[in-house]
Amino acid sequence: MKRSTVKELLTSTETNRDVRLKGWVRTRRGNNQVAFIAVNDGTIIHSIQVVADLGSFPEETMKRVTTGSSISVTGKLVESMGKGQSVEIQATEIEILGDCDPEEYPLQKKGHSFEFLRENAHLRFRTNTFGAVFRIRHALAFAIHKYYNDKGFFNLHTPIITASDAEGAGAMFKVTTLDLDGAPKNEEGGIDFTQDFFGRPTNLTVSGQLEGELGATALSSIYTFGPTFRAENSNTPRHVAEFWMVEPEMAFYDIHDNMDLAEDFLQYLIQYTLEHCQDDLEFLNKMVDKGLLERLRFVMDNPFERKTYTEAVDILMKSGKKFEFPVHWGLDLQSEHERYLVEQHFKRPVILTDYPRDIKAFYMKQNDDGKTVRAMDVLFPQIGEIIGGSQREERMENLLERMREMNIPEDELWWYLETRKFGTVEHSGFGLGFDRLIMFITGMSNIRDVIPFPRTPKSADF
RNA sequence: UCCUCAGUAGCUCAGUUGGUUAGAGCGGCGGACUGUUAAUCCGUAGGUCGUAGGUUCAAGUCCUACCUGAGGAGCCA
């Protein structure tokens, strides 16, 4: 008989039929007559109840039905006689696929702390919470491709190993095949990278944006979706060394088109999850974050507030609130300022634009005032900046001027500059931190709990 | 990287102003119980108190260093 998944069985309306089920035992209850075995196979958050009359099965087999063991069950799918579930399986055959020694198995019937489960990242997929989180993570990855595909964007695979270290987005991991002991030296006494694999220093990418612009200035609209790496010694619930980013880049888009896209995109993703991951979201809303569903619906239904940086600074200065870092024009906004704007003043997501040029990257388009650039940050409640983007500087003269001011080596980025040299066009783009999006949508408060195998300082197990 | 807090049984924690054989709940194991829902009830085993030094008659408790984790800050996504 063909195996049915728990999802198929629980959503089936056709009862009183023979079925076969395979999965892992979550809990086992019962008395001296009958055993109730909750079996889960990860296809859906719910487990299905298997009922086994003890008289019909060898004691030796039933002894091995322990939490964590894998079993195959044949039996009849019937309406449940007990409360708590609509259908269950009346077992006629039970086969132990894999034993699980309860003395050694780390996961218990009761809940565990997230810290403990992080140390057991290889097994935490078997818990309800992490099952839900990673099913949702999948759904969102799929929704992102669907969204852009439906809009005519092309997915561009930008390199993970990059020779450019000029993006200025943070410390990078070096990539080399040279022996760390006794690496060849050049005449100045430094490492001689001409003998390295690529014949030059290389790193893991911190962003695919610059390469993304090359795609957009030919294909019109592209997006990248891949891993990025930061070698920063950041120890916070929002930072990891390896994370995924979505970076759309569009020719013929100005900053307003860019904002429209960012807002529509985020609302689409929330709506997609609400539609496709109901069970998982309801579980998370109940067990992890009681305000989750309400917050998601609110963000989906309400337009984001759009203000300039200058207006935001004005609001903060007039707020009368005492901040740890006093506000003045020119200061990069701190977490406390962003939170005040989003959570207390506007009480909704906020898009801030036109930041001072001195606190933003070289490639952002300069405004006519000579002071600000066409940057935009989307700020969300609880997690802060979820999107950072800008209209790009398409004027060669202005771009070169900024690069010289900021000591960005022109010769290393010659290929980037040629987009401005040959048929330059207005274009824009942004970066979305995929993992932070998952945090927002699942209500999980630590980024290490939305990544299957998180990489943080001093931690690269599994 | 900085600040704060924490590390005691498999898990979550308690452990008084330093004082004898270090406790609980849950989980495990054994038993009871005719349908359970984190089942319930009875019994039972289980600990080099993060590591290394130090103070003291005496250290889980005080001091120092280090390791690990969490929260906040910075960097940012």
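Here is how names work: the chains are called A, B, and so on, in the same order as the sequence lines, proteins then strands, and each is numbered from 1. Values reported hereafter were calculated over all heavy atoms of this structure, with side chains retained and with hydrogens, waters and symmetry mates removed. Since the structure is predicted, the reported quantities are computational estimates derived from the model, not experimental observations.
- Two residues, A:R118 and A:D435, neighbour RNA chain B, and the one matched to the more 5' nucleotide by heavy-atom proximity is A:R118.
- The same atom, C1', is picked in B:U55 and in B:G15; the two are 22 Å apart, to the nearest Å.
- Rounded to an integer number of Å, the gap from A:N235 CG to B:C67 C1' is 14 Å.
- Among the protein residues, A:P106 comes within range of no part of the nucleic acid, since none of its heavy atoms lies under 4.0 Å from any strand.
- Side-chain atoms of A:E88 and A:V50, non-hydrogen and from C-beta on, never get closer than 4.5 Å to each other.
- Counting any heavy atom pair closer than 4.0 Å across all strands shown, A:F243 reaches a base atom.
- Rounded to a whole angstrom, the distance from the P atom of B:A45 to that of B:G7 is 27 Å.
- Between A:V240 and A:Q334, the residue whose closest nucleotide on RNA chain B is further toward the 5' end is A:Q334.
- Under 3.5 Å, the side chains of A:Q334 and A:E338 contain no donor-acceptor pair of N or O atoms.
- Within the 4.5 Å cutoff, the side chain of A:F434 has no heavy atoms near those of the A:F243 side chain.
- Remark: side-chain polar atoms of A:S70 are not paired, donor with acceptor, to backbone N or O of A:W24 under 3.5 angstrom.
- Using bins of under 30°, 30° to 60° and over 60° for the plane-to-plane angle, the ring pair A:W329/A:Y309 lands in the perpendicular bin.
- Dashed line: the shortest gap from a side-chain N or O of A:S113 to OP1 or OP2 of B:U12 is under 4.0 Å.
- On a pure distance criterion of 3.5 Å, a polar donor-acceptor pair joins the side chain of A:Q108 and the base of B:G10.
- Separating the P atom of B:G74 from that of B:A38 is a span of 42 Å, rounded to the nearest Å.
- Counting non-hydrogen atoms under 4.0 angstrom, A:I386 reaches the backbone sugars and phosphates but no base.
- Residue-level contact check: A:T236 touches the bases, meaning some heavy atom is under 4.0 Å from a base atom.
- Separating the C1' atom of B:U61 from that of B:U8 is a span of 11 Å, rounded to the nearest Å.
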Side-chain donor-acceptor pairs under 3.5 Å in residues 344-354 of chain A, sequence neighbours left out?
| residue | atom | partner | partner atom | Å |
| --- | --- | --- | --- | --- |
| A:K347 | NZ | A:Q344 | O | 3.2 |
| A:R348 | NH1 | A:P303 | O | 3.2 |
| A:D354 | OD1 | A:N367 | ND2 | 2.7 |

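- A distance of about 26 Å separates the C1' atoms of B:U21 and B:G30, rounded to the whole Å.
- Across all strands shown, A:H239 has heavy atoms under 4.0 Å from base atoms, whether or not it also approaches the sugar-phosphate.
- Distance noted for atom C1' between B:C41 and B:C26: 16 Å (whole Å).
- Using a 4.0 Å cut-off between charged nitrogen and carboxylate oxygen, A:E385 and A:R436 do not count as a salt-bridge pair.
- For the pair A:T92/A:S56, no side-chain contact is recorded, criterion being any heavy-atom separation below 4.5 Å from C-beta on.
- Within the nucleic acid shown, A:R238 comes within 4.0 Å of at least one base atom, counting heavy atoms only.
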Annotated protein contacts, base or backbone, on nucleotides 31-50 of chain B with a non-hydrogen cut-off under 4.0 Å, one of B, S, - each: --BSBBBBB-----------

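- For the P atoms, the distance linking B:C29 with B:C13 amounts to 24 Å, nearest Å.
- Contact annotation for A:N446: backbone-only contact, meaning every heavy-atom pair under 4.0 Å involves sugar-phosphate atoms and none involves a base.
- For the C1' atoms, the distance linking B:G46 with B:G23 amounts to 13 Å, nearest Å.
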